[in-house]
> 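One structure follows; several queries about it will come next.
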Amino acid sequence: MHTYLDWVPFSLISLVLVVAGWTWVNTWRRSKISLHHVPLSYPQTAYPEVKIPGVGDHLAALVNQKVPSLAGPEARLHGVWWLPGGNAQTLYTSLSDFSDVDTVTYQRKLLQVADGGVIAIDIAPPLHSHPVRDGETIILIAHGLTGGSHEHYVRSAVNALRAPAERGGLGARAVVMNFRGCNGSPVITPKLYHAGSSDDVRPIVLWITHMFPQSTIFGLGFSLGANVLTKYSGEEGEDCPLSGVVALANVWDWCRGSQYGLNGNLANRFVYRYVLADALRSLHHLHRHIFLSSPSSPLPVDLLEKLSKMGRITLTDFDNMITSKLYGFKDANDYYTRISSVKVLDNLRIPLLGINSKDDPILGKDNLPYTEASRNPWFVFATTEVGGHMGWFERQQDGSLKRWYVKPVKEFFSALLEEGLPQRHKPAFTINDQGMVQQLGNSSVAFREVEPESLKLFTSRSDDTKLYSGW
């Protein structure tokens with residue numbers, strides 16, 4: 001005679017199978033990718049005539065034809081069943097050990113810019129082993145909140161894009177800008193960076209123009225870096241020297257993003273907005289000596305002491321206390337309004353591909369630029385159902401995990417190159433009396449290398465991570 005307990009193991013096994021099956025089916029169902037853009041047959045009366053040099057009349061047509069990971073029959077993101085939602089993908093990005101995956105050897109150069117500050121750029125492959133070639137493809141990469149070239153989400157893209165064509169890459173050279181104070185960058189003036197620091201992109205583009213005069217330059221941004229590169233591209237408009245940009249996990253509208261931090265899901269309200277603020281507070285604490293010792297610092301000593309003694313602090317609190325005062329904004333809301341890259345999307349005149357996941361717990365699915373994509377032919381916007389914030393993990397046939405976004409990034413840049421892009425207008429420059437390479441007509445854009453010519457190499461792995469990883 002069977003007792004109740006005899007059925008317990010069978011019931012547990014059945015429950016596990018049901019849950020596993022539901023998770024697998026739900027993950028498959030949510031692998032869909034959607035494209036948003038100006039209609040392929042848009043009427044001339046509704047939109048201005050657009051002729052994209054080297055691409056044809058329609059960027060969206062190019063993406064639909066030549067970016068199969070977004071528009072082909074295989075255009076699905078096959079998520080990992082044990083990372084079923086945005087929180088799981090996001091936390092895995094931040095907490096997992098990627099130290100032995102996608103290691104990259106960079107050459108570091110330090111550029112002193114016009115305001116006296118220093119920006120560190122990391123170059124892969126290094127110039128000593130791979131000298132400058134005519135016609136190179138350069139990928140300018142901007143990282144997330146307090147990251148750097150050491151982050152795995154950066155390294156996975158660098159390795160894929162620098163691989164030779166016969167191994168499925170572009171044979172490109174990556175130039176990763178580390179925002180001021182990040183990833184070991186020295187801070188010698190009381191200024192770091194913020195989510196709209198497009199002014200720091202300009203001297204790096206000038207350095208690329210000076211070092212690689214015949215190059216084709218693309219931009220690749222992650223999260224905060226995606227906002228910075230998109231904002232820069234819109235501000236430059238017709239004169240933008242980049243031939244195309246991919247913006248991954250961009251917040252787009254920071255006003256709406258900040259509201260989602262207040263009213264979004266539980267993880268956002270009780271975890272992320274505090275973690276992100278702590279990352280920025282830790283960065284400022286790391287470089288507090290320059291703010292305490294500099295007579296030109298806009299941050300009073302008592303404010304810095306208050307910041308270090310406070311308990312939990314939200315991202316909006318930090319931006320009200322520190323960011324707005326440090327960079328001349330009225331308050332956090334004024335800051336978010338003025339630095340949001342969504343405001344300049346209508347001014348874009350270079351191909352831009354944006355990719356966001358609709359389950360991104362940092363910004364939410366209502367903060368996405370569908371309207372802007374529907375009216376600017378230079379902008380194609382893709383959404384995935386899963387991926388979290390800069391996760392997008394999928395399992396390969398050999399059982400390993402890979403970042404899915406590497407495929408559309410590589411395909412998009414490759415498609416643009418195959419179209420035979422004409423050279424973009426590059427900024428002209430001169431060398432001033434102080435030995436700085438200076439952009440003609442704009443003395444605020446200038447640089448000089450402040451490291452000696454002796455090689456400075458380091459291998460970037462995730463165990464080199466500074467502060468909070470994965471953001």
Side-chain angles (χ1 to χ4, degrees), residues 117 119 140-148 151 153-154 176-183 185 187 191-202 204 219-236 245-262 268 272-284 287 298 313-345 352 354 356 360-364 367-369 372 389-390 467-468 470-471:
I119 303 172
L140 171 59
I141 299 178
H143 60 78
L145 186 67
T146 53
E151 295 282 7
Y153 61 78
V154 172
V176 185
M177 64 176 293
N178 298 280
F179 291 113
R180 302 191 196 202
C182 291
N183 194 23
S185 302
V187 177
K191 179 181 178 182
L192 296 178
Y193 64 97
H194 58 78
S197 291
S198 51
D199 283 346
D200 279 356
V201 177
R202 291 181 173 87
I204 298 174
L220 173 59
F222 297 87
S223 190
L224 179 145
N227 189 75
V228 170
L229 283 183
T230 302
K231 179 173 175 282
Y232 163 80
S233 301
E235 289 170 344
E236 293 293 306
V245 171
V246 177
L248 298 171
N250 192 354
V251 178
W252 303 105
D253 187 331
W254 287 71
C255 291
R256 288 188 177 183
S258 65
Q259 287 301 309
Y260 186 71
L262 295 173
N268 203 303
Y272 296 124
R273 63 183 183 143
Y274 295 104
V275 171
L276 298 176
D278 279 342
L280 288 172
R281 178 162 60 174
S282 296
L283 182 71
H284 275 258
H287 302 293
I313 182 174
T314 69
L315 190 56
T316 302
D317 291 336
F318 181 90
D319 290 332
N320 269 317
M321 287 180 59
I322 302 299
T323 308
S324 58
K325 292 179 174 57
L326 189 54
Y327 302 107
F329 301 103
K330 295 177 183 177
D331 52 27
N333 189 61
D334 180 50
Y335 165 55
Y336 300 145
T337 300
R338 290 167 58 184
I339 58 91
S340 292
S341 59
V342 72
K343 297 182 63 176
V344 300
L345 286 178
L352 171 68
N356 283 81
D360 186 330
I362 303 296
L363 64 147
N367 183 23
L368 299 177
E372 289 74 17
H389 190 70
M390 296 197 298
L467 307 174
Y468 292 74
W471 307 108

> For Lys191, check side chain to side chain contact (heavy atoms under 4.5 Å, CB included) against everything at least two apart and list the hits.
Asp115, Arg180, Thr189, Tyr327
> How far apart are the closest heavy atoms of Leu283 and Gly181, and which atoms are they?
CD1-O, 3.3 Å
> Quick one: are Val228 and Ile339 in side-chain contact, heavy atoms under 4.5 Å?
no
> List the residues meeting ring pair (Phe, Tyr, Trp, His ring centres under 6.0 Å) with His284, not counting sequence neighbours, and say none if there are none.
Phe291, Phe318
> Checking the side chain of Lys231 only, and the main-chain atoms of Gly196 only, is there a donor and an acceptor separated by less than 3.5 Å?
yes
> What closest approach, in Å, do Asp360 and Ala249 show between heavy atoms, and which atom pair accounts for it?
OD2-CB, 4.3 Å
> Taking the six-membered ring for Trp, are Tyr153 and His143 closer than 6.0 Å centroid to centroid?
no
> For Tyr193, what residues pass the ring pair (Phe, Tyr, Trp, His ring centres under 6.0 Å) criterion, not counting sequence neighbours?
Phe179
> Check side chain to side chain contact (heavy atoms under 4.5 Å, CB included) between Ala226 and all other residues, then give those that pass, not counting sequence neighbours.
Ala247, Asn250
> The criterion is salt bridge (Lys or Arg N to Asp or Glu O under 4.0 Å); which residues satisfy it with Arg202, sequence neighbours excluded?
Asp199, Glu235, Glu236
> Do side-chain atoms of Ser197 reach the backbone of Asp200 as a donor and acceptor pair under 3.5 angstrom?
no
> Might you point out which heavy atoms bring Asn178 and Gly148 nearest each other, and give the distance in Å?
OD1-CA, 3.3 Å
> With sequence neighbours left out, what residues match Asp253 under side-chain hydrogen bond (donor to acceptor under 3.5 Å, both in side chains)?
none
> Which residues satisfy the ring pair (Phe, Tyr, Trp, His ring centres under 6.0 Å) test with Tyr232, sequence neighbours excluded?
none
> Tell me every residue that passes side-chain hydrogen bond (donor to acceptor under 3.5 Å, both in side chains) with Asn320, counting only those two or more places apart in sequence or in another chain.
none
> For a 4.5 angstrom cut-off between non-hydrogen side-chain atoms, does Phe222 reach Val154?
yes
> Do Asn333 and Cys255 come close enough that some side-chain heavy atom pair is under 4.5 Å?
yes
> Could you pull out all residues at least two apart from Thr323 that satisfy side-chain hydrogen bond (donor to acceptor under 3.5 Å, both in side chains)?
Asp319
> Of Asn356, Asn367, Asn227, which meets side chain to side chain donor-acceptor pair (under 3.5 Å) against Trp252?
Asn356
> Does the plane of the ring in Tyr335 sit parallel, tilted or perpendicular to the ring in Trp254? Use 30° and 60° as the thresholds.
tilted
> Give me each pair satisfying salt bridge (Lys or Arg N to Asp or Glu O under 4.0 Å) with a member in residues 327-338, each pair once, sequence neighbours excluded.
Asp334-Arg338
> Of all the heavy-atom pairs spanning Lys343 and Thr337, show the shortest one and how long it is.
CD-O, 2.9 Å
> Evaluate Tyr272 against His389 for ring-ring contact (aromatic ring centres under 6.0 Å, His included), listing each step before the verdict.
CA-CA 11 Å; Tyr272 296 124; His389 190 70; 8.5 Å; no
> Looking at every non-hydrogen atom in both residues, tell me the closest pair between Gly147 and Cys182 and how far apart they are.
O-CB, 3.2 Å
